[in-house]
Amino acid sequence: MTLNIRVIAPDKTVWDATAEEVILPSSTGQLGILTGHIPLLTALDIGVMRVRIDKEWIPIVLLGGFAEVENNTITILVNGAEEVKNINAEEAQKNLDNASLMLTEATSSKAKIEATQNIRKARARLQALATLNQ
């Protein structure tokens, strides 16, 4: 049996495929889903979703949202998502460095929150790239 996985961002469907397993970055930690999983609704954090298809793991960066699991179908509604093939390692590292600098220079709560979110996004991109090299 397989899982039907669909990742939907506000502007497009990012992913629509079947897989044997998926690991989601839930707000309470990593959450593994296999076929036959009980119905579930969970909040997703910024992080890397990993999908296993034919013994190969495919990482996708999720930028927060929700996932619903029911009858071997996983519907994931996200604020944004990025496939690893579209991520540039140098740019991701540069974004992390810039966001870290912004955080140290931030004086308002809003600036600190924005910088922290940018750091988390950049780290997720770098983590997704690192999983390809494992």
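Each salt bridge (charged side-chain N to carboxylate O under 4.0 Å, His left out) pair with one or both residues in residues 18-37, not counting sequence neighbours, appears once here: Glu21-Arg52.
Side-chain heavy atoms closer than 4.5 Å link hydrophobic residues (I, L, V, M, F, W, Y) into clusters, and following such links, possibly through other members, connects Leu126 to Leu103. By the rule that hydrophobic residues join a cluster once side-chain heavy atoms approach within less than 4.5 Å of another member, Met49 and Val84 end up as members of separate clusters. Leu62 and Ile53 end up in the same hydrophobic cluster when Ile, Leu, Val, Met, Phe, Trp and Tyr side chains are linked at under 4.5 Å.
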Anything under 3.5 Å between a donor and an acceptor, one on a side chain of residues 86-99, the other on a protein residue two or more places apart or in another chain? List them.
unit_1: Asn88; atom_1: OD1; unit_2: Glu90; atom_2: N; d: 2.9
unit_1: Asn88; atom_1: OD1; unit_2: Glu91; atom_2: N; d: 2.9
unit_1: Gln93; atom_1: NE2; unit_2: Asp97; atom_2: OD1; d: 3.0
unit_1: Asn95; atom_1: ND2; unit_2: Glu91; atom_2: O; d: 3.4
unit_1: Asn98; atom_1: ND2; unit_2: Lys94; atom_2: O; d: 3.4

Please tabulate, for side-chain N and O atoms in residues 7-19, each donor-acceptor pair with protein atoms closer than 3.5 Å (sequence neighbours left out).
unit_1: Asp16; atom_1: OD2; unit_2: Arg6; atom_2: NE; d: 3.4
unit_1: Asp16; atom_1: OD2; unit_2: Arg6; atom_2: NH2; d: 2.8

Show me the side-chain donor-acceptor pairs of residues 22-33 shorter than 3.5 Å, one per line, residues at least two apart or across chains.
unit_1: Ser26; atom_1: OG; unit_2: Thr28; atom_2: N; d: 3.3
unit_1: Ser26; atom_1: OG; unit_2: Thr28; atom_2: OG1; d: 3.2
unit_1: Ser26; atom_1: OG; unit_2: Gly29; atom_2: N; d: 3.3
unit_1: Ser26; atom_1: OG; unit_2: Gly29; atom_2: O; d: 2.5

Listed pairs under 3.5 Å, donor-acceptor, residues 35-48 side chains, sequence neighbours left out:
unit_1: Asp45; atom_1: OD1; unit_2: Arg120; atom_2: NH2; d: 2.2
unit_1: Asp45; atom_1: OD2; unit_2: Arg120; atom_2: NH2; d: 2.8

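A distance of 9.5 Å separates CD1 in Ile60 from NZ in Lys85, rounded to the nearest 0.5 Å. Here the CG-OG1 distance, from Leu34 to Thr2, works out to 12.0 Å after rounding to the nearest 0.5 Å. Separating the CD atom in Glu114 from the OG atom in Ser109 is a distance of 12.5 Å, to the nearest 0.5 Å.
In this structure, Glu68 has no side chain to side chain donor-acceptor pair (under 3.5 Å) partners at least two apart in sequence or on a different chain.
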(request) Would you check, one step at a time, whether the test side chain to side chain contact (heavy atoms under 4.5 Å, CB included) holds for Ile5 with Val51? (result) CA-CA 9 Å; Ile5 303 167; Val51 180; 3.9 Å; yes
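Closest approach of Val61 and Ala124 over heavy atoms only: CG2-O, 3.8 Å.
Side-chain contact between Glu105 and Leu101 is present, with at least one heavy-atom pair separated by less than 4.5 Å.
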